[in-house]
Structure formats: C-alpha cells, structure tokens
Amino acid sequence: PFSLQLIREVHRLLLDTGRGPNKRPGEVRDRAVLIGRSDDFGEARFVPPCRTTIGPLLDDFVRFLRDERSLP
C-alpha cells in the first residue's frame, strides 16, 4: 500500500541514480526552497509549500492515494 515510507524510498532511489545523491535522498525537506534563477524569494518563479507544512501535506497525499472511492 501507499505510505510515506514508500514515497521516501522512491525519492531515495530516484536521487541516488539521478542528479541528487548529495541532496538528502529519502528525507523530507526541512528548509525553504524556491524555483527560479534567483536566490530572491520575491523573484522566484515558484515557491513550494513551507517546510513546516510538508509533513501534514504528505499525510494528506497518502490518505488520498489510499482512498478507494472513485473520483468524479
């Protein structure tokens, strides 16, 4: 079944064999990040959810994946 442990293991495998063996594969992010060419959050193309919300959001995602109800 889907679980946070499974998600972390897949993350670890992807980063170990790809571009990020030094990027803490399999660990949940614990610092702020941004996507873009600048280190300025005001200029970022995208700012992912705050590090403090990652755990609860992943828990919600796992619950969604386990839900056996069909989608509309």
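What you see is a predicted model; the values in this text were computed from it and never measured. These numbers come from the heavy atoms of this one structure, side chains and all, not from hydrogens, waters or symmetry mates.
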Task: Residues which pass side-chain hydrogen bond (donor to acceptor under 3.5 Å, both in side chains) with Arg63, listed by chain and number, not counting sequence neighbours - done: Asp60
Task: Set of side-chain hydrogen bond (donor to acceptor under 3.5 Å, both in side chains) partners for Arg69, sequence neighbours left out - done: Asp67
- [ ] With sequence neighbours left out, write down each residue that passes side chain to side chain contact (heavy atoms under 4.5 Å, CB included) with Phe64, or none if nothing qualifies.
- [x] Leu71
TODO: Take His11 and Val28, measure what side chain to side chain contact (heavy atoms under 4.5 Å, CB included) needs, and give me the verdict at the end.
DONE: CA-CA 9 Å; His11 181 256; Val28 176; over 6 Å; no
TODO: Start with the C-alpha distance between Leu4 and Phe61, add both sets of side-chain angles, then the distance that settles side chain to side chain contact (heavy atoms under 4.5 Å, CB included), and finish with yes or no.
DONE: CA-CA 9 Å; Leu4 182 55; Phe61 183 55; over 6 Å; no
Open item on the list: Under the rule for side chain to side chain contact (heavy atoms under 4.5 Å, CB included), what residues qualify as partners of Leu6, not counting sequence neighbours?
Closed with: Phe2, Ser3, Val10
Open item on the list: My understanding is that only residues two or more places apart in sequence, or in another chain, count here; which of them pass side-chain hydrogen bond (donor to acceptor under 3.5 Å, both in side chains) with Arg12?
Closed with: Glu9, Asp16
Task: Minimal non-hydrogen separation, Ile54 against Pro49, with atom names - done: CD1-O, 4.0 Å
Task: Where Val47 and Val33 come nearest, the two heavy atoms and their spacing - done: CG1-O, 3.8 Å
Open item on the list: Counting only heavy atoms from other residues, nucleotides and ligands, does the tally under 6.0 Å from CZ of Arg66 exceed 12?
Closed with: yes
Task: Gap between atom CG of Leu58 and atom CZ of Arg29 - 0.5 Å precision - done: 9.5 Å
Task: side chain to side chain donor-acceptor pair (under 3.5 Å): pairs with one or both residues in residues 50-59, sequence neighbours excluded - done: none
